[in-house]
Amino acid sequence: MNNWFVNSADVEQAFLHCDLHKTIYMQQPAGLEEDGNKVWRLKKGLYCLSQASRLFFKHLEARLKEFGFVAATSDECVFILQRGTSVLIFCTVVNNILQVGNDPELLQEVFACLCKFYTVTDDWPVT
């Protein structure tokens, strides 16, 4: 893949971007107890919730589709953006992102768009 560029990134605190659609309560963490046996109602996803990864994926998927990406038919975690001769393949696993494309300006444009929604750590470039 000559003249292709690879970028790796990580979305920080990814699960806090997702509103929960179900009512979920949790016990207070050790050391943060207030008034004995109270429980907390969660409004956002947390790392330990089984549905948190899926909620974040749906949030990210919506942002990517707004930008013009199309989901690959072979893998729901792979998205493709094509503009003329420029191609960008976007892969995600939970909050880890890998972008592969033949146009570095398009990679930067997509990265800048992601930064509008999330705090993203850029590991550019991958070698």
For residues [X] and [Y], determine if any side-chain heavy atom of one lies less than 4.5 Å from a side-chain heavy atom of the other.
X      : Y     : result
Thr92  : Phe57 : yes
Phe67  : Leu88 : no
Ile97  : Cys91 : no
Val110 : Phe79 : no
Val87  : Trp4  : yes

How far apart are the closest heavy atoms of Leu81 and Gly68, and which atoms are they?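 Scanning both residues, the minimum pair turns out to be CD1-O, 3.4 Å.
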
To check you understand the geometry: which heavy-atom pair defines the closest contact between Ala72 and Ile80, and what is its length?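 That would be CB-CD1, 4.4 Å.
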
Qualifying residues under side chain to side chain contact (heavy atoms under 4.5 Å, CB included), relative to Glu105, sequence neighbours excluded: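 Here the qualifying residues are Asp103.
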
Kindly compute the distance separating [atom1] ([X]) from [atom2] ([Y]), expressed to the nearest 0.5 Å.
X      : Y      : atom1 : atom2 : result
Glu12  : Thr121 : CD    : OG1   : 3.5 Å
Leu60  : Asn95  : CG    : CG    : 10.0 Å
Thr119 : Asp10  : OG1   : CG    : 10.5 Å
Ile89  : Gln82  : CD1   : CD    : 9.5 Å
Arg63  : Cys113 : CZ    : SG    : 9.0 Å

Is there a continuous path of hydrophobic side-chain contacts, each under 4.5 Å between heavy atoms, that joins Phe117 to Phe111?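 Hydrophobic grouping puts Phe117 with Phe111.
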
Is it the case that the ring center of Tyr118 lies less than 6.0 angstrom away from the ring center of Phe56?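 Between Tyr118 and Phe56, which both carry aromatic rings, the centre distance is below 6.0 Å.
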
Residues which pass salt bridge (Lys or Arg N to Asp or Glu O under 4.0 Å) with Glu61, listed by chain and number, not counting sequence neighbours: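 By the salt bridge (Lys or Arg N to Asp or Glu O under 4.0 Å) rule, Glu61 matches Lys58, Lys65.
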
Passing option when Gln99 is tested against Val6, Leu106, Leu107 for side chain to side chain contact (heavy atoms under 4.5 Å, CB included):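 Result for side chain to side chain contact (heavy atoms under 4.5 Å, CB included) with Gln99: Leu107.
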
